[in-house]
Trainee: 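One structure, as structure tokens, below. Some questions next.
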Amino acid sequence: EPEVTQTPSHQVTQMGQEVILRCVPISNHLYFYWYRQILGQKVEFLVSFYNNEISEKSEIFDDQFSVERPDGSNFTLKIRSTKLEDSAMYFCASSAGINQPQHFGDGTRLSIL
Amino acid sequence: GQQVMQIPQYQHVQEGEDFTTYCNSSTTLSNIQWYKQRPGGHPVFLIQLVKSGEVKKQKRLTFQFGEAKKNSSLHITATQTTDVGTYFCAGQGGGNKLTFGTGTQLKVEL
């Protein structure tokens, strides 16, 4: 069964540095998402992306964050000037269409020191 | 903004007992999706409910969507140790984002 793949599985970064989290959505899916989950808490929506532009974003997704689809397969989340509170599991997801089931990758655990 | 709450937060059951988690949204939903997350894992899609009053079954799991499309439930009959995990409901309103519930952590003891 097709899967969403994410790299790296774990990223450790010094506070203030920039990180790029990478995702390969399911190949025939058109909608892409980033969510995050702070340890022990619920999953929170960050941003959705369709047709090479952001379609929706949350209050969390401020100027520190950006997303990009640099080629036909990858979808990236960039976090600039990382802060301690950015430490979380970041999940990429994709769906075939609007209001369709979203399928999640294994996540990237981001640890900010 | 839209809020989705689940109860209970935790549930410990003996293997073979039934389990139910309830999900309530502050706003009417276009659909609701249920996910299971094992410790250290990612949310795994279980099912999507779209119609008012809809009931769907997957083996020992029964999912319901309320008539007002604001609440939902997941019932597991005769729990097994493989059912351990956190069950999240996630609702979609007008947009495409999923608003996740607070989750119910299920522990099953032999």
Side-chain angles (χ1 to χ4, degrees), chain A residues 1-7 9-10 21 23-26 29-51 53-61 67 88-110, chain B residues 1-10 21 23-52 54 56 58 63 65 69 72 85-105 107:
Chain A
E1 185 169 323
E3 292 182 337
V4 175
T5 57
Q6 289 185 243
T7 54
S9 57
H10 193 188
L21 309 183
C23 169
V24 178
I26 294 173
H29 284 187
L30 301 176
Y31 293 80
F32 315 125
Y33 314 86
W34 284 100
Y35 292 82
R36 79 173 186 190
Q37 186 177 34
I38 295 170
L39 187 63
Q41 298 186 22
K42 67 176 183 178
V43 179
E44 300 175 290
F45 170 79
L46 293 177
V47 65
S48 62
F49 191 87
Y50 169 71
N51 199 27
E53 60 182 26
I54 291 173
S55 51
E56 194 171 359
K57 61 183 181 179
S58 71
E59 317 80 61
I60 302 169
F61 194 89
V67 289
M89 183 71 89
Y90 288 80
F91 292 109
C92 175
S94 68
S95 66
I98 199 163
N99 289 334
Q100 293 295 303
Q102 295 183 20
H103 297 273
F104 285 71
D106 288 342
T108 294
R109 180 170 299 284
L110 178 62
Chain B
Q2 182 182 64
Q3 293 186 25
V4 180
M5 301 297 293
Q6 279 181 258
I7 56 170
Q9 187 176 3
Y10 302 99
T21 173
C23 174
N24 285 284
S25 170
S26 59
T27 59
T28 302
L29 301 169
S30 63
N31 71 87
I32 196 158
Q33 301 178 27
W34 282 91
Y35 291 82
K36 178 183 178 181
Q37 186 177 29
R38 292 184 182 275
H42 63 279
V44 174
F45 172 77
L46 294 176
I47 209 155
Q48 181 184 36
L49 303 169
V50 179
K51 299 176 185 175
S52 169
E54 188 170 16
K56 286 188 177 180
Q58 284 181 352
F63 303 84
F65 200 10
K69 300 184 75 172
S72 182
T86 300
Y87 292 85
F88 290 99
C89 62
Q92 282 185 314
N96 219 13
K97 71 175 185 180
L98 284 173
T99 300
F100 275 76
T102 46
T104 297
Q105 184 179 352
K107 292 191 175 180

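What's counted below: heavy atoms across the whole structure, side chains too, no hydrogens, waters or symmetry copies. Letters A, B, ... mirror the listed sequences (proteins, then strands); counts begin at 1.
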Trainee: Can you name the closest pair of heavy atoms from B:Val50 and B:Phe65 and give their distance?
Mentor: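 Minimum heavy-atom separation between B:Val50 and B:Phe65: O-CE2, 3.8 Å.
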Trainee: Can you tell me which of B:Gly103, B:Ser30, B:Gly95, B:Pro43 forms the most heavy-atom pairs within a distance under 4.5 Å of chain A?
Mentor: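 Top option by heavy-atom pairs under 4.5 Å: B:Pro43.
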Trainee: Write down the atom of B:Cys23, the atom of B:Val4, and the distance for their closest heavy-atom approach.
Mentor: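 Nearest pair, atom of B:Cys23 first, then B:Val4: SG-CG1, 3.5 Å.
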Trainee: With a 4.5 Å cut-off on heavy-atom pairs, point out which of A:Gln41, A:Met89, A:Gln100, A:Arg109 contacts chain B the most.
Mentor: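 Looking at each option in turn, the highest pair count goes to A:Gln100.
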Trainee: What is the minimum heavy-atom distance between A:Trp34 and A:Gln6, and which atoms define it?
Mentor: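 That closest heavy-atom pairing would be CZ3-NE2, 3.5 Å.
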Trainee: With a 4.5 angstrom heavy-atom cut-off, could you sort out which part of B:Gln105 is near chain A: side chain, backbone, both or neither?
Mentor: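 Nothing of B:Gln105, per the 4.5 Å heavy-atom cut-off to chain A.
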Trainee: If I measure from the heavy atoms of chain B, does A:Tyr35 come under 4.5 Å with its side chain, its backbone, both, or neither?
Mentor: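 Only the side chain of A:Tyr35 comes within 4.5 Å of chain B.
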Trainee: Counting only heavy atoms closer than 4.5 Å, note whether A:Gln102 contacts chain B via side chain, backbone, both or neither.
Mentor: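 Both backbone and side chain.
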Trainee: Does any non-hydrogen side-chain atom of B:Phe88 lie less than 4.5 Å from one of B:Gln6?
Mentor: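 Yes. Closest side-chain heavy atoms under 4.5 Å.
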Trainee: Determine the option with the most heavy-atom pairs under 4.5 angstrom with chain A, choosing from B:Leu98, B:Thr86, B:Thr102.
Mentor: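 Top count of heavy-atom pairs under 4.5 Å with chain A: B:Leu98.
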Trainee: Please classify the contact between A:Glu44 and chain B as side chain, backbone, both or neither, with a heavy-atom cut-off of under 4.5 Å.
Mentor: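 Neither; nothing under 4.5 Å.
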Trainee: Identify which part of B:Asn31 has an atom lying under 4.5 Å from any heavy atom of chain A, answering side chain, backbone, both or neither.
Mentor: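 Just its side chain gets close to chain A.
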Trainee: Can you tell if the side chain of B:Gln37 reaches within under 4.5 Å of the side chain of A:Gln37, non-hydrogen atoms only?
Mentor: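 Yes. Closest side-chain heavy atoms under 4.5 Å.
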Trainee: Write down the atom of A:Ser94, the atom of A:Phe32, and the distance for their closest heavy-atom approach.
Mentor: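 Distance-wise, the nearest heavy atoms are CB-CD2, 3.9 Å.
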